[in-house]
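A short worksheet on the structure shown next.
The chains referred to below are lettered A, B, ... by the order of the sequence lines, with proteins before strands, and numbering in each begins at 1.
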Amino acid sequence: MSDRPLRFRFAPSPTGFFHVGGARTALYNWALALRTGGTFVLRIEDTDEARNRPEWTQGIIDALAWIGVRADDPHFEGPYFQSRYAAEHIAAAQRLYKSGHAYYCDLTGEQIQERAKAAGAQGYDNHSRDRGLGPAPGHALRFRVPDGTTVVTDLVRGDVSFDNANIEDFVLLRSNGTPVFLLANVVDDITMRISHVVRAEEHLPNTPKQQMLFEALGDEVPVWAHVPVLVNEQRKKLSKRRDKVAVEQYRDEGIVADAMVNYLMTLGWAPRGDTEIVPWTTVVDQFRLEDVTHSPAFFDIKKLTAFNGEYIRALPVDDFVAAAQPFLAADDVPWPCERFDPALFEQVAPLVQERVGRLDEVPGYVDFLFLPDAPIDDAAFTKVMDAPKSLDILADVIAAYDTVAWHADALKDVALAVGEQHGLKLGKAQAPIRVAVTGRTVGPPLFESLVLLGRDEVLRRLRAALGRAGGAQSE
RNA sequence: GCCCCCAUCGUCUAGUGGCCUAGGACACCACCCUUUCAAGGUGGCGGCACGGGUUCGAAUCCCGUUGGGGGUGCCA
């Protein structure tokens with residue numbers, strides 16, 4: 001291997017969103033660049049769509065920044081557009097023609113098919129190889145695949161050899177003169193002095209073609225590394241249509257970046273030791289392409305969420321409050337926004353923090369604080385209020401709460417005493433109070449919540465619930 | 001059709017010939033803790049696809065079978 005500078009390229013196809021599989025590949029490249037002191041080169045594939053929609057490229061840059069691949073980092077270079085090099089692509093093809101590595105072909109797709117059918121074979125039969133055709137409108141330039149074997153040395157998979165006899169003379173320049181992606185890719189890699197090509201496994205079968213191009217162009221072949229793809233439960237490659245694959249979507253649902261990064265890195269690789277939850281610095285330290293798994297990995301949202309919960313709980317409270325902020329100010333928040341009280345939220349925050357797996361669950365835990373009335377869940381309300389003694393407990397608690405010292409311990413003691421009077425443990429006795437005030441059977445610790453809501457509002461809700469349940473019962 | 005890749009608990013993985021009675025994580029189940037729900041603690045369930053070799057010894061090496069995935073465009 002040469003001692004040229006280490007340059008890792010990441011070339012996502014711009015499709016209007018950032019694929020989680022792409023995110024993992026980016027992370028691999030990024031970790032490597034950081035550890036080796038190399039460069040992460042972001043190259044945007046040139047498509048008509050992408051050219052017309054600059055926001056797509058911006059989306060990729062934003063998503064990369066979110067997972068920690070920041071464009072302002074000295075190890076980051078780009079973004080570059082492939083189209084910048086179009087003239088170079090054609091020039092390279094012409095060099096190949098002049099050196100005899102490529103030749104012109106006048107066969108149309110239909111003619112190729114007919115010939116194949118007649119021969120009982122498949123694909124192009126290299127018919128034009130020695131016909132000595134020159135460049136002309138309607139002529140495509142094809143690469144003359146040499147005899148022999150092409151061995152792709154892959155850091156993840158070892159040596160993979162391909163019999164060149166199975167590779168047909170592929171097109172370099174279309175009959176309209178434009179270069180194909182395969183060629184553009186190789187020429188760009190050469191131009192950008194890319195040392196390592198780390199990409200998804202699906203590209204492995206095309207790699208011998210690219211390698212032959214590097215060789216024919218007289219350039220050093222980069223180090224290849226084909227990493228396994230991410231699949232869905234059907235073991236199919238993740239696709240936009242079938243699966244939830246946009247990292248933006250996970251971000252919007254309240255997955256925190258560190259959790260996403262950590263989880264993505266455990267797909268196809270594992271840090272040393274018995275814990276998978278490790279900081280990025282450890283990843284940078286330990287990640288080796290040679291250790292990457294060979295088989296496809298299932299993107300398990302449950303496990304992602306579990307990681308996310310751990311990361312959320314590990315946050316300092318202030319950071320948690322800040323992270324939850326966008327979800328509390330969202331358009332679809334259940335309360336009228338003028339009623340939201342940041343100070344109040346800061347006080348419940350620690351109680352909520354250890355209960356959520358995703359940030360978007362936060363509003364559901366605190367809505368009762370900011371809604372004018374308890375958000376009653378009818379099924380829960382009926383079930384709890386129909387239980388024996390519920391109404392008695394409510395009545396007794398109302399009487400006591402009218403005068404009791406307003407702090408959690410005192411409120412709890414009241415509930416405890418009232419429950420005892422009716423032969424109920426605290427677990428049961430707190431249920432009607434909880435449903436009356438918060439509307440649900442589950443939520444943050446009750447008495448702490450009551451303190452925050454305030455005596456007047458708590459009493460008002462308790463009385464309202466008693467009236468409602470009593471009324472329903474007498475019908 | 002042809003070519004290539006892959007194969008350890010349900011899932012993600014550790015494992016590179018003896019440390020494997022196969023380890024961890026997520027999920028699931030039970031119990032403990034408990035003010036609901038979580039969190040936390042303890043324990044449990046559960047796997048080397050199959051068949052042949054090689055070897056004193058194989059999850060680990062070789063061959064085959066089966067099963068998955070991907071590629072094979074004048075798409076990117």
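Between A:Arg157 and A:Glu201 a salt bridge is recorded (basic side-chain N to carboxylate O distance below 4.0 Å). Comment: A:Arg461 does not engage A:Asp373 in a salt bridge, judged by the lack of any side-chain N to carboxylate O separation of less than 4.0 angstrom.
Residue A:Arg434 is in base contact, counting any heavy-atom pair closer than 4.0 Å across all strands shown. Among the atoms of the strands shown, base atoms are found under 4.0 Å from some heavy atom of A:Pro444. Within the nucleic acid shown, A:Lys236 comes within 4.0 Å of sugar-phosphate atoms alone, with no base atom in reach, counting heavy atoms only. Within 4.0 Å (heavy atoms only), A:Phe162 reaches sugar-phosphate atoms of the nucleic acid but no base atom. Using a 4.0 Å heavy-atom distance criterion, A:Gly268 is classed as a sugar-phosphate-only contact. No engagement by A:Arg272 is indicated, since no non-hydrogen atom pair under 4.0 Å with the nucleic acid exists. A:Gly109 comes within contact range of no nucleotide atom at all, as no heavy-atom separation falls under 4.0 Å. Within the nucleic acid shown, A:Thr266 comes within 4.0 Å of sugar-phosphate atoms alone, with no base atom in reach, counting heavy atoms only. Across all strands shown, A:Glu276 has heavy atoms under 4.0 Å from base atoms, whether or not it also approaches the sugar-phosphate. Across all strands, A:Phe298 comes closer than 4.0 Å only to sugar-phosphate atoms, never to a base (heavy-atom distances). Counting any heavy atom pair closer than 4.0 Å across all strands shown, A:Thr438 reaches no nucleic acid atom. Within 4.0 Å of A:Leu107, counting heavy atoms only, lies at least one base atom of the nucleic acid. Contact annotation for A:Arg440: no contact, since no heavy-atom pair falls under 4.0 Å across all strands. Residue-level contact check: A:Leu446 touches the bases, meaning some heavy atom is under 4.0 Å from a base atom.
Using cut-offs of 30° and 60° on the angle between ring planes, the pair A:Trp224 and A:His226 is parallel. Under the 30°/60° scheme for interplanar angles, the aromatic rings of A:Phe10 and A:Phe18 are found to stand perpendicular.
Residues A:Val180 and A:Leu173 form no side-chain contact, since every pair of their non-hydrogen atoms from C-beta on lies 4.5 Å or further apart. Put simply, the side chain of A:Phe299 reaches to within 4.5 Å of the side chain of A:Val20, judged on heavy atoms. Side chains of A:Leu133 and A:Tyr103 form no contact here, defined as non-hydrogen atoms less than 4.5 Å apart. Side-chain contact between A:Val458 and A:Ile433 is absent, with no heavy-atom pair separated by less than 4.5 Å. In this structure, the side chains of A:Val145 and A:Met212 come closer than 4.5 Å at one or more pairs of heavy atoms.
Rounded to an integer number of Å, the gap from A:Glu290 CD to B:U16 P is 16 Å. A straight line from CH2 of A:Trp224 to P of B:G71 spans 17 Å, rounded to a whole angstrom. Atom CG in A:Asn262 sits roughly 13 Å away from atom C1' in B:C26 (whole-Å rounding). Put simply, CD on A:Glu448 is 12 Å from C1' on B:U34, counting in whole angstrom units. Atom CD in A:Glu202 sits roughly 11 Å away from atom C1' in B:G69 (whole-Å rounding). Spacing between atom CE of A:Met265 and atom P of B:U13 amounts to 12 Å, rounded to whole angstrom units. Atom pair A:Ile277:CD1 and B:U13:C1' shows a separation of 14 Å (rounding to whole Å applied). Atom pair A:Lys237:NZ and B:G70:C1' shows a separation of 7 Å (rounding to whole Å applied).
Residues passing the side-chain hydrogen bond (donor to acceptor under 3.5 Å, both in side chains) test with A:Arg174, sequence neighbours excluded: A:Thr178.
The gap from the P atom of B:C9 to that of B:A14 amounts to 13 Å, rounded to the nearest Å. Spacing of C1' atoms, B:C45 relative to B:U36, comes out at 28 Å, to the nearest Å. Annotation: B:G43 and B:C48 have their C1' atoms spaced 25 Å apart (nearest Å). Nucleotides B:C63 and B:A30 place their P atoms 47 Å apart, quoted to the nearest Å. Comparing B:G40 with B:U8, their P atoms are spaced 29 Å from each other, to the whole Å. Separation of the C1' atoms belonging to B:G67 and B:A49 is 8 Å when rounded to the nearest angstrom. A distance of about 10 Å separates the P atoms of B:A25 and B:U42, rounded to the whole Å. B:U66 and B:C56: their C1' atoms are spaced 31 Å apart (whole Å).
Under the Watson-Crick or G-U wobble criterion, with both distances below 3.5 Å, B:G1 is paired with B:U72.
Taking every heavy atom of residues 348-367 of chain A and every atom of RNA chain B, pairs under 4.0 Å involve A:Glu354, A:Arg355, by number.
For residues 106-118 of chain A, the salt bridge (charged side-chain N to carboxylate O under 4.0 Å, His left out) pairs, not counting sequence neighbours, are A:Asp106-A:Arg131, A:Arg115-A:Asp125.
At the phosphate of B:C6, OP1 or OP2 sits under 4.0 Å from a side-chain N or O atom of A:His294. A:Arg235 has a side-chain polar atom (N or O) that falls below the 4.0 Å cut-off from OP1 or OP2 of B:C12. Listed pair A:Asn206 / B:U72 meets the phosphate criterion, a side-chain N or O lying under 4.0 Å from OP1 or OP2. In this structure, A:Arg174 reaches the B:A76 phosphate: one of its side-chain N or O atoms is under 4.0 Å from OP1 or OP2.
For A:Arg142, whose side chain is taken as the heavy atoms from C-beta onward, the closest listed nucleotide among B:C74, B:U35, B:C26 is B:C74. With B:G71, B:U35, B:A25 as the candidates, the nucleotide lying closest to the side chain of A:Phe307 is B:A25. Proximity note for A:Asn166 (side chain, C-beta onward) versus B:C5, B:C2, B:U72: the nearest is B:C2.
No donor-acceptor contact under 3.5 Å links the side chain of A:Lys302 to the base of B:C26. Contact annotation: side chain of A:Ser175 to base of B:C74, donor-acceptor pair present below 3.5 Å. Within 3.5 Å, no donor on the side chain of A:Lys303 pairs with an acceptor on the base of B:A27, nor the reverse.
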